[in-house]
2 protein chains.
Amino acid sequence: MSDLVARLRRHQWRMTPQRRVIAEMLDGAHVHYTADEILERACEHMPEISRATVYNTLNEMVALGEVAELNFDGRSKRYDPNVDHDHHHLICDGCGTTRDVHTTADPLDGLPGDERHGFTVTEASITFRGRCPDCVDAG
Amino acid sequence: MSDLVARLRRHQWRMTPQRRVIAEMLDGAHVHYTADEILERACEHMPEISRATVYNTLNEMVALGEVAELNFDGRSKRYDPNVDHDHHHLICDGCGTTRDVHTTADPLDGLPGDERHGFTVTEASITFRGRCPDCVDAG
DNA sequence: TCTTTCATTAGACAGAGTCTAAGATAGGAT
DNA sequence: ATCCTATCTTAGACTCTGTCTAATGAAAGA
Ligand SMILES: [Mn+2]
Ligand SMILES: [Mn+2]
Ligand SMILES: [Zn+2]
Ligand SMILES: [Zn+2]
């Protein structure tokens, strides 16, 4: 039983085979998939699962606060189950692969009071960009 | 003559009335517009300008490195002419207002080698989020 | 088992952005 | 000044990502 499935049960969420496949795929992943990648992999276990169910399920997980929705490039959203671990993201400009990374410093400490323009600042997230090993090799 | 138009000329970029209108609109902007906002405002000066030209022009400016493409919300991309000033962004969760901000530390320094997963990392940008003075007051 | 309520599905729809191919034009050549 | 050609602009079709609808299916409690 995956940790994410357990957390979702606690929300009195009706468990179905489709939801279980999606939750088990997300659980523990430090690479964040798009909805279509999740659909493609889910189809290997459950060929008749629909695109609508994948989107419905992901949106419900986000609404329950158990999964975070990421969007860096204006293309596909990616889904991140690691909501309880404070971290940032490293993205490949070639293929869009998105990984969790951990930094030594809190970026909020680098924003002086006179740069806050009167805002109440609650969150800071860093997006690192570059080329993954595969995309560097491919030129 | 706007500064951005001057910079674009240096790239041997053919100057047309359409491109000039778009460049002059971006130049010096403190808010970052979407393509549709740019189209709408360009139509006030040049009613026959097309959507394709706005997208073509913005994409070319980005390719030339004179404009940056931003995407915070997963909806429309926004275009930022301030590429020569290294900066980050502060976004109001209430109204979406986006401000340029400057930090004391380079976030790249906070990513250790063993957190780079074999990537060649070239860039780091911070997205700060919170409530602007207006939205804090409004509850 | 029965029932109710909620989930799943296919496909239509929508928004943002890209592509195509035909006509127009910037800017160099003469 | 005019011509020429490579490049730009345009309308609208198209793609991609994601949402919605309404008919069918199934989880879970009685
Ligand atoms: Mn993550
Ligand atoms: Mn900016
Ligand atoms: Zn890559
Ligand atoms: Zn605000």
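Because only heavy atoms are used, hydrogens play no part in the values below, and waters and symmetry mates are left out as well, while side chains stay in. Order of the sequence lines fixes the chain letters, A, B, ..., with proteins taken first and strands second; residue numbering starts at 1 for each chain. Because the structure is a prediction, the values reported are computed rather than measured.
Within 4.0 Å of B/T16, counting heavy atoms only, lie sugar-phosphate atoms of the nucleic acid but no base atom. Note on A/N56: a base of the nucleic acid sits closer than 4.0 angstrom, heavy atoms only. Contact annotation for B/R19: backbone-only contact, meaning every heavy-atom pair under 4.0 Å involves sugar-phosphate atoms and none involves a base. At a threshold of 4.0 angstrom between heavy atoms, the contacts of A/S76 are confined to the sugar-phosphate backbone, with no base atom among them.
Side-chain proximity of B/R51 to the nucleotides D/dA13, C/dT8, C/dA26 is greatest for D/dA13. Checking D/dT9, C/dG27, D/dA11 against every side-chain atom of B/M15, the shortest atom distance belongs to C/dG27. The side chain of B/T57 sits closest to D/dT9 out of D/dT9, C/dC19, C/dT8. Of the candidate nucleotides C/dT8, D/dT7, D/dA27, D/dA27 has the atom nearest to the side chain of A/R14. For A/P17, the listed nucleotide lying nearest its side chain is D/dA27; candidates were C/dT8, D/dT10, D/dA27.
Following rounding to the nearest Å, B/W13 (CH2) and D/dA6 (P) show an atom-to-atom distance of 21 Å. Taking atom CG on A/L8 and atom C1' on C/dA7, their separation rounds to 15 Å, with Å as the unit. The distance between atom OH of B/Y55 and atom C1' of C/dG15, rounded to the nearest whole Å, is 9 Å. When the P atom of D/dC8 is taken as reference, atom CG of B/L58 falls 15 Å away, rounded to whole Å. In this structure, the CZ atom of B/R78 is 13 Å from the C1' atom of C/dA16, given to the nearest Å. Distance B/Q12 CD to C/dG28 C1': 13 Å, rounded to the nearest Å. The distance from atom CD of A/E48 to atom C1' of C/dA10 is 14 Å, rounded to the nearest whole Å. Taking atom CD1 on A/I22 and atom P on C/dA7, their separation rounds to 13 Å, with Å as the unit.
Note on B/L58 and B/V62: same hydrophobic cluster, where clusters join Ile, Leu, Val, Met, Phe, Trp and Tyr whose side-chain heavy atoms are under 4.5 Å apart, directly or indirectly. Residues A/I91 and A/I126 are members of separate hydrophobic clusters, defined by side-chain heavy-atom contacts under 4.5 angstrom among Ile, Leu, Val, Met, Phe, Trp and Tyr.
A/E66 places no side-chain N or O within donor-acceptor distance of the main-chain N or O of A/M61, the cut-off being under 3.5 Å. When atom types are taken as modelled, the side chain of B/T122 and the backbone of B/T120 share no donor-acceptor pair closer than 3.5 angstrom.
Atoms CD and CG, from A/E69 and A/N59 in turn, are 6.0 Å apart once rounded to the nearest 0.5 Å.
Note on ring orientation: taking the six-membered ring where Trp is involved, the planes of B/H89 and B/H32 are perpendicular (angle over 60°, cut-offs 30° and 60°). By the 30° and 60° cut-offs, the orientation of the rings of A/H88 relative to A/F128 is perpendicular.
OP1 or OP2 of D/dT10 lies within a sub-4.0 Å distance of a side-chain N or O belonging to B/Q18. Contact annotation: A/S50 side-chain N/O to C/dT8 OP1/OP2 distance is not under 4.0 Å.
No hydrogens or angles were tested; on distance alone, nothing pairs the side chain of A/R75 with the base of D/dT17 as donor and acceptor under 3.5 Å.
Each end of the helix from C/dT1-D/dA30 to C/dT30-D/dA1 gets its own axis, taken as the rotation carrying the C1' atoms of four end pairs onto the next four within a five-pair window, and the two axes meet at 30° to the nearest 10 degrees.
A/R41 forms a cation-pi arrangement with A/Y33, by the criterion of a distance under 6.0 Å to the ring centre and an angle within 45° of the ring axis.
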